[in-house]
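Below is one structure, written out as structure tokens; the observations come after it.
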Amino acid sequence: MNQKSGPRGSTHRRGTLKTAGILSAFVLASATLAACGGDDGGSGGDGEKLTFRLAETHPEDYPTTEGDQKFADLVNEASDGRIDIQVFAGGQLGEESDVIEQVQMGAIEMTRVSSAPMTEFAEGMGLFGLPYIWDDADHLWRFLEDESGQQLLGELEEAGFKGLTYFDPGARSFYSTDKVIDSVDDIEGMKFRVQESDVIISFIEALGGSPTPMDYGEVYSALQTGLIDGAENNEPSYLSASHYEVAPNYTLDEHMRVAEILVVNKDVWDGLSEEDQQILEDAAAEATTYQREQWDAQVEEDLAALEEADVTITEIDDIEPWREAAQPVIDEFGPTYQEYLDRIEELREE
Ligand code: BDP
């Protein structure tokens, strides 16, 4: 997991969207054979066993992993044990950016991943990097469940993925090693780790900070060694990755809701019988309901644990100055996502 040391230097990658390559057909041929346990390929619901791997970056007791496992269990049950989905938690199969490439090639069949690093493959996913656009989780979910949210998920197909469902991502907030962030002006001159997404890079720049894209697994030591001054994430990630130990100041500005997605390699998906596809779709929908419940409970529990651990938690009463400072991001990227942003406006509740 350590093959990439340090931040990946550079930033703007527009124009380098990756699409499924020629390689995929080749790699897929071997992956499908493996998936079918040496059977003759294909999957007609005719009793042959299918085994798939699902990569997850979080530990076993994290809500997205619990959602993955629920999905796997439901598929197993509905197929009478014929379809076996094995969840590899804790980043065992690699960091998200690598896993995404492997799923695109078919070397790994499925993953639950953040939409941010998917932006490099499907530009639409950058929508979720836009700051301060949601009123709350319900607003996000009205969009995700709406036709437009489903259309956005469908945009993954062109890049070689079948998007099965969204999971709840909570809200991301800033945390820092030394300086307590009380106002947006405090961001000026601070170095933050960000996920790999042009929109998010641009957001930190708009606030006067300095963005450093790097893999999730590298953030703890980057905070510890002072390579960065802070990072940003939701409560369960901040706690479960122990970032609070080295960055004990958490400022609840809730700037983004970066949707979590469950994706399958498109060729693997197309190789399934309609009946099996339905089994996966139904299981994904039910797992989503379950994951959302788990999520809400976990956030509450984690906030209490963070207080217990003496983390300085700062609430922001007036988000307006933050929103204003971030406006250049909306000006720059808004046109790319106009159709979705219009729908997000419509879905606001007065
Ligand atoms: C977490 C997401 C995870 C990302 C991580 C990150 O659940 O998928 O890898 O953030 O910041 O909230 O990279």
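Note that ligands are numbered from 1 as they come in the structure, with each ligand's atoms numbered from 1 the same way. Residue indices begin at 1 and follow the sequence shown. What you see is a predicted model, and the numbers here were worked out from it, not measured in a lab.
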Polar side-chain atom of S176 near backbone of V180 as donor-acceptor pair, under 3.5 Å: no
Polar side-chain atom of S148 near backbone of Y340 as donor-acceptor pair, under 3.5 Å: no
Location of contacts on S237 toward ligand 1, heavy atoms closer than 4.0 Å: side chain
N233 and ligand 1 - part of the residue with a heavy-atom distance under 4.0 Å: side chain
Geometric cation-pi criterion K266 and F161, 6.0 Å radius, 45° cone: no
Residue and atom name of the nearest protein heavy atom (relative to atom 8 (O) of ligand 1), distance in Å to one decimal: E96 OE2, 2.5 Å
Nearest protein heavy atom with distance in Å, relative to atom 13 (O) of ligand 1: R193 NH2, 2.9 Å
Close approach, E95 and ligand 1, non-hydrogen under 4.0 angstrom: no
By side-chain contact (heavy atoms from CB on, under 4.5 Å) - contacts of E339 (at least two apart): Q151
By side-chain contact (heavy atoms from CB on, under 4.5 Å) - contacts of E245 (at least two apart): Y220, S242
Ignoring angles and geometry beyond distance, decide whether [X] reaches within less than 3.5 Å of ligand 1 through its nitrogen or oxygen atoms.
| X | result |
| --- | --- |
| Y62 | no |
| H58 | yes |
| N234 | yes |
| E232 | no |

Test item: side-chain donor near acceptor, T251 and D253, under 3.5 Å: no
Short side-chain donor-acceptor distance under 3.5 Å, Q86 and D84: yes
